[in-house]
Each structure stands twice: as structure tokens, then as C-alpha cells.
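It should be emphasised that the depicted structure is a prediction, and the values quoted were computed from it without experimental measurement. Per chain, numbering begins at 1; letters A, B, ... match sequence-line order.
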Amino acid sequence: MMELSEVSFAYDGNPALKNVSFSVEKGAFMGVVGPNGSGKSTLLKIMDGVLRADAGEALLNNTPIGRYSRKELAREIAFVPQSYTLEFNFTVREVVEMGRYARKGHAGHRQSVDDLLDDLEISSLKERYFPELSGGERQMVVLAQALAQEPELLLLDEPASHLDVSYQLMLFDMLQKLSGEGLTIICVLHDLNLALLYFERLLMLSEGELAALGETESVLSPEMIESVYGVRAHLHRHAGRTFLTFSPRSVGRRKERIHLVCGGGSGSYLMRKLIDRGYNVSAGVVNAMDTDEVTGRELGLPMAAEAPFTTITEESHEENMKLIREADLVITTDVPVGSGNIRNITAVRQAIEMGKQVWVIEGLEDRDFTGKAMEMLRGLGGLEYFRDSDAMLRELSEKWEG
Amino acid sequence: MSPEKAKSPKLKNRIFLGALVIFIFVICFLLSLSLGPAHIPLKQVAKFLFQGRVAGEPNSTIFWQIRMPRVLLAILVGASLALAGGILQGLFLNPLTDPYVTGVSSGAALGATLAFFFHLPTIPWLSLFALIGGLLTLVFVYSLAKKGNIMNIYQLLLGGVTLSYFFFAMVAVLMIKSGKDLHAVIYWLLGSFSGRGWNEVKMALIVLPFFVLPLFFTDELNILLQGEERALELGVDVERVKKILFFIAAFLTAVAVSVSGIIGFVGLVVPHICRLFLGPDHKKVLFFSIFLGASVMCISDLLARTAFAPSEMPVGIVTIFFGAPFFIYLLRKRGGFAA
């Protein structure tokens, strides 16, 4: 229903959109993401005809947007801005009725304003003055105003960025419901996790160009996010949800590699902290599907992994040793030692023997269920003990990051 | 709930308020006809109104030749200025806007001063010069603010105000040059209905259609309070509406100024009073501004010719003397532009 072909637009010579082409089917529910200044809002304004493309065309139902009068367009497309100010004492009902403007003299509303307010669960606000409303209430009223136009296509520009979590969910749940009723929705949003939660398709803009268009999870791959936003992102699946976390941007990548001998979740905290500080991190040997293995995989770490609940084999031990050889520092977490993973202690011993610096969290004897671990490490120099992970991190910042 | 049902108490309220303001207007109209240097009792006013000229009655000539045209002119001018102010305040989203920011009034003043300068201070020259001056300024200010197909409201405002200063400087130069007519020019500038007759009324009647036209644009004006971009999104042809309303307001101002001089404050205060009491809806603000503007001007002129009788004050002084304290009181009590 909406098609852009090679649309370019510049503000006084500063290009905002470059050759953007895509089309949106009727009934689509599409998010638009991209860094600030990537052209998202401009894109929406081209689509609703407030801005004219310098080159290329925006077509609504195969007709150029420019051929519609403002009134005709307002019956097809409605817009919800990021924030909206109206300092005058109009009641909510009056504000929503302004959305009817383009339909005056056009018979056949699908829905009365009262029913519309009911549907959005804001009937109670009907007689309140708009300027007295909270930010969340205002945004729902603006949505109601847009819906009062009874459009085919609803455009939203970061509609939730000023809203608390409750209103965010209320708004997006409502959008999802409207989409289910056949409304075509294109929504610009900043919060990539909201995008993951609600949208099946995403369009990503980068410096005015179309960077990606497709299924949400493929568009929001960590590689894509790093190349467009310049931020290291990590995609997690947990509790039935997919979500993104980000590493601080201020920290550059470091050249040192740290290998974690861990398992069972004992290394997850350090993995994340070290990644966020820019280190190269590897881990082993961990059992597949255990917490450390999952975390490491989501963070994209090189790992030596063993099948679930399986004793470490010679093969994975060798893999682990390979990672240890490449490491500048080996950290042994407070992973309990049993017959299944006693080979990890062997790995630590070999690491010391090859002259690696090895840090261990205190209390190995208490978590050693084989009784051999302490014996294996006895008499070896170059071992340093720390009270906990945070103590190690402090030492790291003094030693390497100073 | 059906929409009719939901609307009905509001509609009733609106009809009541409408009736009230028209009632006030009629009272002001009758009082203005009755009171003055020559007192014409209300009974006689009624008689004249129903029977026209009554031969032999001494007051008949005063009533029809002097009182009636003067009061009618005050009504037309008051309504024009208040309506123009109401439109422009909404259009410019600016509470300080009055009809004179368009620069049209100073253009008219320059025209009128030129008429004095060329020794043509008589009807219809004076009014004609003023009207031409006003309309030329309107076109000039508009062309200043127009870029492509877009009329920039801020440039309109700044252009109008700047031109006002410029024209008043020219008026001052002309006034000094014109020497003995100085007094007449000043008197004209301050605004007065003194000595105006049917000729001016006929000229001012041209505003009548422009009282009705803006009432068809009240939805657009309300939506424009949300900003031009939002108005576009809601389907308003913003540029067209702005142009039409600006021209209407400026034209009303030009006509009003050309027949009466520069009467301050009515165009600023009356729409504000309407807004303070009735809310921001232009359906009400514009309709009430017309009748309240007419009423206020009637009463102001009545005071102008009776307060210091037999000498007369310029009505522009009266509107400011009474308007300013009253408006400040209202603002303190009821809040500002968008409250």
C-alpha cells in the first residue's frame, strides 16, 4: 500500500535520506530503527507528505503522495508524533474530535468518538482538559486523535519514548491489537528491545540509507547493530524472550585475552564484565547448555565445550589447552570440582607449567569434591588467589587498565 | 450514548451564552442611541427605529443624521477590530497580537497623514487615502513573508511590526512638515467617531461579509493551535487557510482604521476576554468577539462623547483608560493566554 522508490531528501544540502526504496503491504506491522539522525523521522514525514522527496517518489496505493490533497491524505494516513503540545484548554473529547476534521461531510464513521475512547480505555478522561493530563495520558489521546481519522495507515514517531513502562506496554499492546484488526502500522522506535518484543519486521536506517529490512531478529543481529550503531550488542534468549544487551561504548577493544576456567554459571559474571571492559575472553571446558556455556555463546566467546553432563574428554581438554595457550591470563572461577571436570584442574596446572599467569578464587579446597585438586596445584609458583571476582576485576584495572 | 445526547447540554449552554452576548449588544446599542449631548429617551428611540424619520420631532434629525451613523460605525469598527484580533491571535499563536501588528494600521495612518499633507482632510479623501495605504501595506507585508508557496507566520509578524515603526517615522516627519494641521492628524491617529456620517458607514459596510467568512474556518483555527505541522497531518490545507484568514483580518483592520483612526486595545483585549470566559474554541471566541467588540466600542464611544461633555475625547483614549485596568484585573484573576 505504501511504496518508496529511490527516495532522497536533504535539508538545505544536508542529505537525510539517500535512495531509499521499500514497500509495505497492507496490514503490515513494521518497526523502523536506526541511530539518531539516521533519517527515521524524515522517512515518516516523506510518507505522510509533510516533506516532499527531492528525488524519487512515495506512492500510496500506487498514486504519488503529492497528488493527494491534505484532506484526502488525512483520511488515508494518520500520524502520532513523539510528543505533542497543546497549551489550550480543550477537553480530551474536543482534541480527539479534531481528528475527525478530514472526515467532515464524509458519511460513515466506522466508530463513534465515544466508542473509540472506550476502546483505548480512556473514556474517563473525556471531559478533562488536555493540558492537565500526564504524558502517558496525552499520548493515548493523541493516538485516539489519529485513530479518529480512521486511516488505513498509521505512522508513529517514537510514540513511547516519554512513557513509563506501563504506558509503553499499553500503547504497543494497543498497536498490536489494531494491527490484528487490519490497520497498517509503521512505527519508528528507539528501544531495540521493544522492537524485538513487538515487531516481526524491521527496517533499519543508517546515515540516511536503508541498512536492513526483514525479520526482526535478523535485522537486530549483533553484527548489524555494531556496524550501524557502533555499539557491541549481545542477543540473549531467556525465559522465552529474546533481548539485547549492550557493552559500554566508551571502552575500546583491548588486545589482551583472558581465559576463564569455569562452568555451571560461575563464570557468567566475569564473562560479561570482561567483555564490557573490552577484553577478548575465552572459556573452557564448559558443558553445553549450562549457564556459562549459554552466556559465552550469546557473548560470542571462543569456548571449549563438552556435551551436557559428560566427563571432559581428551579432545575437549586439548581444545581448552589451545585457548589457554593463546591467553595472557587464566582465571579459575569458584566452579566446584568433581570427577567430571577434574581435567580443568589439569589444564590449570599445565597453564602454570607453561608460564601463564593464573588467578584463582580462594577456597578451592572447600569446593573440591575429588580431594585431589589442591594436591595437583601444590608447589606450583605463579598462582594468585583472590577473594572473589570483583577483587580480580579491581586488580585488573590497576594492573592493565591503569 | 448517542452523540446527540452527549452534545445537548453543551449546545444549550452555547445557545444561552450566544443569546446573552446578543442581549448585551442590543442594550449597548440602544443606550448609545439614547444618550449623548442631546438626550433622546428610549421611548423616542424605539419610535424612530420603527417609524424612521418623524417630521416635526426635533430629535429626529439628530438621531438619523448624527447619532445613528456614528453608533453604527462604532459597531462595525469594534466588531472588525475584535474579530481581526481574535483571528490573528489564533493564527500567530501569540497573545500579544492585535490587529495592528499586521502593519496595516500604520499604512493606513500614513495614507491619512498624506491626505492631511495634501490638504484633502475631507470625506471621502481621508478615508480613501487611509484605506489605500492600509491595503498596499497588506500586500507588501504578505509579499515579505511569502517564500514560494509558503507564508511564514513569524516573518509576517516581524515584517508587519517593522513596517509599523517605519511608517510611523514617516508619519512623524509628515506631521512636523504639515505644521498647523498637526492637531488634526494627532486627533485622527488617536481614533474617533466624531463627525462621521453615513458615507463612512456605507464604506464600512463592506466588512459585513468578512464577519461571516471566518466563522467557516473555526475548525481550522482550532486545529492550528496544535501547530502547523500537526494541522497538516490532520488534513488542514494550512497555507490556504493562513492566507485567507490573514487577508480577512488585515482587510477588516484596514477598513476599520480608515474610517475611525487607530483605536487601540479593543482588538487585543476583547478576544482575550472571550477566551478567558469561554475557553479556546474559536467557534465561540470569534462569534463572541464580534458582538463583544461592537458592544465595547459602542460604550467607549458613548463615554468619549459624554464623559467630558461638551468637549469630546478620542475614543482610542477611552478604550485604553478603561480597557487596560480591566484587562489586568482579569489576567490576574483568571490566568493567561493559554490557561
| request: Evaluate whether atom CZ of A:F22 has more than 12 neighbouring non-hydrogen atoms of other residues, nucleotides or ligands under 6.0 angstrom away. | output: yes
| said: Other residues, nucleotides and ligands only: do more than 12 of their heavy atoms fall within 6.0 Å of CD1 on B:I206? | reply: no
| Distance, nearest 0.5 Å, that separates OH of A:Y84 from CD of B:Q226 | 3.0 Å
| More than 12 heavy atoms from other groups under 6.0 Å of CG on A:N62 | no
| request: Give, for atom CZ of A:F90 and atom CG of B:N222, the distance between the pair rounded to the nearest 0.5 Å. | output: 4.0 Å
| message | If you compare all heavy atoms of B:E233 against all heavy atoms of A:A74, which two are closest, and at what distance to 0.1 Å? | response | O-CB, 3.7 Å
| message | Under 4.0 Å between a side-chain nitrogen and a carboxylate oxygen: does that hold for A:K104 and B:D219? | response | yes
| task | Select one option (side chain, backbone, both, neither) describing which atoms of A:E94 are under 4.5 Å from chain B's heavy atoms. | result | side chain
| Quick one: CG on B:L276 to CG on A:N89, what's the gap to the nearest 0.5 Å? | 11.0 Å
| Partner chain A: residue of B:L232, B:V238, B:I223, B:D237 with the largest heavy-atom pair count (under 4.5 Å) | B:L232
| task | Apply salt bridge (Lys or Arg N to Asp or Glu O under 4.0 Å) to A:K45 and B:E229, showing your working. | result | CA-CA 10 Å; A:K45 283 179 187 170; B:E229 198 163 302; 3.3 Å; yes
| So does A:E207 have more than 12 non-hydrogen atoms from other groups sitting under 6.0 Å from CD? | no
| remark: The interface call for B:V236 against chain A, heavy-atom contacts under 4.5 Å, is both
| Check against side chain to side chain contact (heavy atoms under 4.5 Å, CB included), B:L234 and A:Q145 | CA-CA 9 Å; B:L234 291 176; A:Q145 190 186 50; 3.6 Å; yes
| message | Would B:L93 and A:F88 count as a side chain to side chain contact (heavy atoms under 4.5 Å, CB included) here? Give the steps. | response | CA-CA 10 Å; B:L93 277 177; A:F88 296 84; 3.8 Å; yes
| request: Select one option (side chain, backbone, both, neither) describing which atoms of A:Y68 are under 4.5 Å from chain B's heavy atoms. | output: neither
| said: One pair to check against side chain to side chain contact (heavy atoms under 4.5 Å, CB included): A:Y101 and B:E220. What are the steps and the verdict? | reply: CA-CA 8 Å; A:Y101 172 76; B:E220 285 84 349; 2.6 Å; yes
